[in-house]
Amino acid sequence: MNNTDEIEFSRIRKLVSHYAVSPEAKDKILVQPLATKLVKATALLDETAEMVWILNHGLHIPFISSDALTPILNKVKKGFILNPAELEQVADFVRVTRLLVRFFNKQRNNTPIIASYCDTLTILDALESEIYNAIERGQVSDNADKDLAKLRQRSNKLSTNIQDTLQKYLQSKKYQTMMQDYQIIQKDNHYTLPIKASFKHTFGGSIIDHSNNGNTVFIEPTKIVHLTQEKATVENQIYLIEAQILGDLSAKIYQELSQLEANLNIIIDLDCILARAKYSQNINGKRPLLNEQNQLQLNEMRHPLLSNPVPLSLNLDSTKRGLIITGPNAGGKTVTLKTAGLAIAMAEFGLFLPSSGICSIPVMTAIYTSIGDHQDLDNSLSTFSAEMKQMSYIVQHATKYSLILLDELGSGTDPNEGAALAIALLQALQLKGSLILATTHYSAIKDYSTKHSAFITAAMDFDLKTLEPTYKLLLNQIGTSRALWIAEKNGMPQEVLTQANNFLNTGKFPLNQSKIKFANNQKKIKSTVSFKKGDRLKVPEYEQDVLFYQNSDLANQIIIFVNKTFKTIPVKGAKLVRKAKDLYPEGYNLDLLFIQDWKEYKLNRDLNRGSKKAWKKLKK
């Protein structure tokens, strides 16, 4: 298992995939697992190193196009006939296969591993030649069949005769008045002229179509009927010949399908290697050394996703199980964890590292992380509960070849209990032999790491003059959160800082009580006017009485009914004229007072009771 999401290795994958040529290689890079064995990880780096050598010497590698070949091979597999463009793409792929073999044969002394890849490629010269001889510039070539060129020439000549004949119609004074428009319009393989509908029986020919308004008919003149029929016959003959050629070529590709798919898989692998090399070259990467002794040595390693990052250097030999990092917030502790994690993940992916010196990287079988907010809303788990769920899994599955990255472990609960639990977890993980990098603010964890020989401490440097972190890691030091100092620099009153210092030094709580007293001079709150639905009111806005409907959602506003319309007005000035209970009998439906359209009300009522007459009226 490798949990690399929290260290943002997925972003590295995407960056590498951008350097791949084929869509198949791009997809493979996004899902390719990390190499968790020394032999496999070393092999990946060897491949990358050979491709980097090719790039550094400015050699041009022949490669496939950026179009996906897999869908084309799948079409052949299902028995479909390929079109000329698809056939050309297959021929181009076969050609690239041949050129790759030739290229790496010449570079065999410098790139023996990649040359061995090419040794397994099958060259299909005959298929390449047959496709290129039959297909040219996206269509079946005239040379593909002895009759094809003649038929195409005949088709072109017939098209010219048809156009010339129709032009004579357009230029003839005899037909000028009959024309709706002076142009040739093709309708379903018929060449027609737009004729005014009033002349459809006068103009000789077949009516092929009508305009939407009926004012125009599209007529194929009698003089070109035999020409268009002959042209259709010739075009059909051309189609049959082309279909036969395309079918034969598709069948030959089908016969070589297994070899083509095997070649494609190898070239996809080469594309992935080339993408790794291009990315490694772009970040000015250096090949790391790999080890199985859990030794992590970073020599000015730069975080690959940050602009102008502060280089990270650290050294954990096989006698140390972990690094405990301390320091103020926003000082670079989390970035340090991610940088170390990315160094291992990148090396296991076959990438060089953006470092000034050679780094020594341990090959880990798993990377476990606990970074950021782990709140699980779906399962109603708090941040701390979700973190503990994750940590329980890590403790149960971690081995001596596991990398554990822990950010502010146990910080989501009581400080004393959280620190105690964090220490116990660190102890359990180091007994398993896991490699641990953790950050903390807890003093108890700092004390634990200084007293335990399996851990070393480090502090994030902080510039006291500029009040800014330097993001430098200082090994064998203990950093402080500098909370009081930062608070003072940001204007915290001195009396607050003094109380905080006293508590830190003595452990005694400040228990003085406030002597401030409050005068009891509350004003009486006037009771708000309360009206009932249907009450008759007098309001300043209208001369006649209005009906109260309800209070508005807006403060100090009410909704009234006047002139069959609802209005929102201020409650101020509204006076009760007569209560609804005094105006209407008990149980009276007050909603009848607020009907705006009686006809609509009656229709809806009749519809609700199922009146056939009402439903007929609604349908009309």
Side-chain angles (χ1 to χ4, degrees), residues 2 4 7 9-20 25 28-57 59 61 104 107-120 266-305 312 314-316 318 339-367 401 403 435:
N2 278 297
T4 57
I7 61 174
F9 184 66
S10 59
R11 290 178 60 189
I12 301 292
R13 286 181 183 272
K14 289 180 180 178
L15 291 173
V16 176
S17 72
H18 292 330
Y19 289 98
K28 185 170 183 177
I29 288 169
L30 295 177
V31 298
Q32 180 180 322
L34 303 184
T36 56
K37 299 294 183 182
L38 180 63
V39 173
K40 177 60 177 175
T42 301
L44 291 176
L45 289 171
D46 287 342
E47 294 167 354
T48 304
E50 289 189 1
M51 278 294 191
V52 167
W53 185 92
I54 293 287
L55 295 175
N56 287 341
H57 284 76
L59 300 176
I61 305 174
F104 282 106
Q107 305 300 330
R108 185 175 295 274
N109 291 336
N110 299 307
T111 60
I113 297 174
I114 299 178
S116 67
Y117 271 92
C118 294
D119 289 341
T120 60
I266 293 169
I267 291 179
I268 289 171
D269 288 339
L270 293 176
D271 198 358
C272 291
I273 298 170
L274 181 59
R276 298 201 308 264
K278 287 180 177 178
Y279 176 78
S280 297
Q281 185 188 55
N282 181 261
I283 62 173
N284 194 26
K286 288 184 171 53
R287 177 174 179 167
L289 300 175
L290 301 179
N291 67 82
E292 290 182 308
Q293 289 74 43
N294 281 18
Q295 178 184 358
L296 176 61
Q297 181 180 354
L298 301 181
N299 290 319
E300 295 190 335
M301 164 83 180
R302 302 180 304 277
H303 193 294
L305 298 175
L312 172 65
L314 62 86
N315 188 4
L316 294 176
S318 57
T339 302
L342 284 174
I344 294 175
M346 290 173 68
E348 292 183 349
F349 198 66
L351 297 172
F352 289 5
L353 303 183
S355 59
S356 298
I358 303 300
C359 300
S360 182
I361 303 297
V363 178
M364 314 304 289
T365 58
I367 298 175
Y401 293 119
L403 172 68
L435 183 61

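Hydrogens, waters and symmetry mates play no part in the numbers below; they use all other heavy atoms, side chains included.
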As a quick check of understanding, evaluate side chain to side chain contact (heavy atoms under 4.5 Å, CB included) for L351 and T48, giving each step before the final call. CA-CA 7 Å; L351 297 172; T48 304; 5.8 Å; no

So, S360 side chain and Q297 main chain: donor-acceptor pair closer than 3.5 Å or not? no

Whether S17 side chain and L30 backbone form a donor-acceptor pair below 3.5 Å: no

d(Q295 CD, L435 CG) to nearest 0.5 Å is 10.5 Å

A side-chain contact here means heavy atoms from C-beta on lying under 4.5 Å apart; do P362 and L403 qualify? no

For the residue pair L314 and L296, establish whether any side-chain heavy-atom pair is separated by less than 4.5 Å. yes

Heavy-atom pair of closest approach, residues A275 and A20: CB-N, 3.7 Å

Heavy-atom pair with the smallest gap, counting every atom of L298 and A340: CD1-CA, 4.1 Å

Does any pair with a residue in residues 32-49 pass salt bridge (charged side-chain N to carboxylate O under 4.0 Å, His left out), and if so which ones, sequence neighbours excluded? D46-R287, E47-R276

Would you name the heavy atoms of A345 and I367 that are closest together and state the gap between them? CB-CD1, 4.2 Å

Under the side chain to side chain contact (heavy atoms under 4.5 Å, CB included) rule, what do N282 and H18 come out as? Steps first, then yes or no, please. CA-CA 12 Å; N282 181 261; H18 292 330; over 6 Å; no

To the nearest 0.5 Å, what is the distance between SG (C272) and CD1 (I267)? 12.0 Å

Separation between CG (D271) and NZ (K28), nearest 0.5 Å, reads 10.5 Å

Of the options V363, L353, I7, I361, which is the one that meets I344 in a side chain to side chain contact (heavy atoms under 4.5 Å, CB included)? I361

Verify, without hydrogens or angle tests, whether E50 (side chain) and I114 (backbone) share a donor-acceptor contact under 3.5 angstrom. yes

Considering only heavy atoms from C-beta outward, does the side chain of D119 approach that of F104 to under 4.5 Å? no

Side chains of L45 and P288: closer than 4.5 Å at any heavy-atom pair? yes

About how many Å separate CD of E348 and CG of L38, when rounded to the nearest 0.5 Å? 10.0 Å

Could you check whether any side-chain heavy atom of F9 comes within less than 4.5 Å of a side-chain heavy atom of L34, counting everything from C-beta outward? yes

Given the rule in the side chain to side chain contact (heavy atoms under 4.5 Å, CB included) test, do Q281 and Y19 qualify, once you have shown the distances and angles that lead to the verdict? CA-CA 11 Å; Q281 185 188 55; Y19 289 98; over 6 Å; no

Sub-4.5 Å side-chain heavy-atom contact between I61 and M51: yes

About how many Å separate OG of S280 and CZ of F349, when rounded to the nearest 0.5 Å? 10.5 Å

The ring-ring contact (aromatic ring centres under 6.0 Å, His included) partners of F352 (sequence neighbours excluded) come to none

Nearest-0.5 Å distance that lies between atom CD in Q107 and atom CD1 in I54: 5.0 Å

How far apart are the closest heavy atoms of P354 and M346, and which atoms are they? CD-CE, 3.9 Å

Please check if the side chain of N109 supplies one atom and the backbone of P112 the other of a donor-acceptor pair under 3.5 Å. no

Closest heavy-atom contact between S356 and K286? O-CE, 3.3 Å

Measuring only between side-chain heavy atoms, which start at C-beta, is K278 closer than 4.5 Å to V16? no

